[in-house]
Protein chains: 2
Amino acid sequence: MAQPKKAASIWDVARLAGVSHQTVSRVVNGSPRVAAATRDKVLEAIAELGYRPNRLARSLAGGAAESVTVLTADTSLYGPEAALRGIEKAARALDWSVQISVLDPADTHSDADIIARLPRAGEPTIIMAHDEPGMRAKQVLLDQQPHAMVAIGPYTAEELAASPWLVGMDDGKAAAEATRYLLDLGHTTVHHLAIPTSTGTFGGGKAHRAEGWARVLRDAGRPVPEPVPSGWTIAEAFKAVQPLVADPEVTAILCGNDHLALATLRAAHLAGRSVPGDLSIVGFDNTPFSAYTTPALTTVNQDFESVGRGAFELLRHRVDGSIPRPVPGWPEPELIVRETSGPPSS
Amino acid sequence: MAQPKKAASIWDVARLAGVSHQTVSRVVNGSPRVAAATRDKVLEAIAELGYRPNRLARSLAGGAAESVTVLTADTSLYGPEAALRGIEKAARALDWSVQISVLDPADTHSDADIIARLPRAGEPTIIMAHDEPGMRAKQVLLDQQPHAMVAIGPYTAEELAASPWLVGMDDGKAAAEATRYLLDLGHTTVHHLAIPTSTGTFGGGKAHRAEGWARVLRDAGRPVPEPVPSGWTIAEAFKAVQPLVADPEVTAILCGNDHLALATLRAAHLAGRSVPGDLSIVGFDNTPFSAYTTPALTTVNQDFESVGRGAFELLRHRVDGSIPRPVPGWPEPELIVRETSGPPSS
DNA sequence: CCGCCCGTTGTGAACGTTCACCAATCTGCG
DNA sequence: CGCAGATTGGTGAACGTTCACAACGGGCGG
């Protein structure tokens, strides 16, 4: 076995089993309208030749897609990486193949560039990119193949209910919870080190982290400090957060994700401010390392892997109406209090 | 534009341009044997219809593959994740598509399972999995399609030279360098918190981290303590390393990667041992967070992204002989001394 | 002025599968 | 014993592309 010969096709199996190619196709696809005896013959031939159906030909001939393309902004971020993992797992369980395509802002200027990135028209696609090219890609897909796309992102329950192609969690609510927690601890206000958003440094939907944070402060009648914009990398965050940690008035910082929180922790340490004594720091995402920093990060747990799985299920439903619409089921974001948060020093 | 109509095919373009489908094919593939006037007509038709070649049909018809499958163990590990990023970037630049397939030990028992995981026979594949199913997958591929596969892993320069389908770095050498550094600092010996390997807790090739570590100790005539096996997760590492940090005799620990090092750092902190005063800790990989822990991790930098790019280039060369064999070009692993290492307290 | 060759274009057959239909063979019932 | 209806199987045409080869036209050498 295992010659470098050409792979067996459906015709080879048919010849060996003494049936037509169509019968083989039926057996392979588990059609009920084939006699048991015939099925056995075919199965035997399949085993003998080591036949495996050719995905390409299958899709070409208009069969089921059995393939997803994941359009993502950056696989080095924890969120997308975890969601991708969830998608891949779910896809693998059903024997779908997963394509990945990174939407680099550097070479994604026009809609044409985005269209060119799509492997083929109608290819089922999950998009998780909240930056500018990502939003544009979403729009393009929505125009071209709304039935074969799903977008992952931070959305409120209402937004999710309104758009059947959306999947995600309400980051705003989670950020609000974290902010309220810090306020309850006795902090006068909470500062925010923000991740980049699609529309600049601030804003986006109501479900964005910065929005939830600002909402709580406003509702509580507290001053709403200007959020400090950071890039995605820890190095950028470290630089951006300097003025914040240097300011003794600042007693609590809500960070856009755990990487930014780590940078903040480090910056605070170097600035000689004790955490949580002088300064409380709260992260976002519950990235695996966050339980093991010193002190351990207080953060908001997010089950991105489940969201990824949910996105895949929804996509399947949309692309093939016969599958029941999945009920979005994953844990709500949840604040995990560890060691970087506490009451202000007085 | 952007109707949900069916995508234009090569025939549609041909009809509109008033030429044959083959001529369109020639234009699309940049064949030189097409008159300029004809080419323009075709190009115009292409633009008007928004035609994009169908990858599936192209591969089916025996054209160039333009597609790689990455077989990996776990995308949540920094190494594979970074290498995948490198592969994806290189592939995207050439407009290849990237498929990803995770080799889960849980559902990869027999060779048949592995074969089933390959999208189609002859599909160019890069494999980066050093665990048991990974090794088996490598063997299967080597038997079936040696010309269309490349494996990434820790290999010595000799191993790399001997096997034209191998790509990687000599982790053993890097580990040796780190160990020697600790010895030079004055430590009597160095302990090792080891990542899982293909063959159990220890061993594998000469280029494995644990091998390089042990070699240096032996050569220096130092006691070679039993390496402490850890799983891949930080939680597992944290548990596994407890006896090590509790033992006052232990003054230096080389960790199999930065995640294990972070766990060790945390464990040492909780055990009341100061770092680097009582205990030196050295990590591996220079994971992005490692410069921002407190104290900052001394570690070994690895340019996995470049390795990934190199693997892709090699694969291209192997699958299409006309491309020049790439010279493996990426930075050697390099020790980065930060704050977690120092002389023993004595 | 004829034939040859080159540059250019067209024709037909793959590739491996599914889909829509049609044909043959059984079953059971009147 | 015949016939409707179910059950099972086969046939041919798609899908969108490339490959191998044949055909057309014009320029050039003899």
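Proteins come first, then strands; the chains are lettered A, B, ... in the order of their sequence lines, and each starts at number 1. As the structure is a prediction and not an experimental result, all values here were calculated from the model. Atoms considered below: every heavy atom in the structure, side chains included; atoms not considered: hydrogens, waters and symmetry mates.
Looking only at atom types and distance, the side chain of B:E81 has no donor-acceptor partner in the side chain of B:T75 under 3.5 Å away. Counting only N and O atoms by type, the side chains of A:E123 and A:S67 include a donor and acceptor under 3.5 Å apart. Looking at B:S76 and B:D74, their side chains do bring a donor and an acceptor atom within 3.5 Å of each other.
Look at B:S20 and you won't find any side-chain N or O under 4.0 angstrom from OP1 or OP2 of C:dT9.
What separates CG of B:N29 from C1' of D:dC19 is a distance of 11 Å, to the nearest Å. With rounding to whole Å, B:H21 atom NE2 is found 13 Å from D:dC21 atom C1'. The separation between B:Q22 atom CD and C:dA14 atom P is 16 Å, rounded to whole Å. A straight line from NZ of A:K41 to P of D:dT8 spans 14 Å, rounded to a whole angstrom. Atom CZ in A:R26 sits about 8 Å away from atom C1' in D:dT8, given to the nearest Å. Going from atom CG of A:L56 over to atom C1' of D:dC15 covers 12 Å, rounded to whole Å. In this structure, A:I10 places its CD1 atom 15 Å from C1' of D:dC15, rounding to the nearest Å. At whole-Å resolution of the value, CZ in B:R55 and P in D:dC15 are 22 Å apart.
The side chain of A:R58 approaches C:dT17 more closely than any other nucleotide in the set C:dG10, D:dT18, C:dT17. Checking C:dT9, D:dT17, C:dT17 against the side-chain heavy atoms of B:T38 singles out C:dT9 as nearest.
Across all strands, A:S59 comes closer than 4.0 Å to no nucleic acid atom at all (heavy-atom distances). B:V28 comes within contact range of no nucleotide atom at all, as no heavy-atom separation falls under 4.0 Å. Residue contacts shown for B:R33 include a base, since a base heavy atom lies under 4.0 Å away.
Ring orientation note: the planes of A:H21 and A:W11 are close to parallel, at an angle under 30° on the 30°/60° scale.
For A:W330 and A:F304, the distance between ring centers is not under 6.0 angstrom.
Each of B:L60 and B:T23 has a nearest nucleotide on DNA chain C; the 5'-most of these lies closest to B:T23. Annotation: of the two residues near DNA chain C, A:W11 and B:W11, the 5′-most nearest-nucleotide partner is B:W11.
The base of C:dG16 lies outside donor-acceptor range of the side chain of A:R52, with no N or O pair under 3.5 Å.
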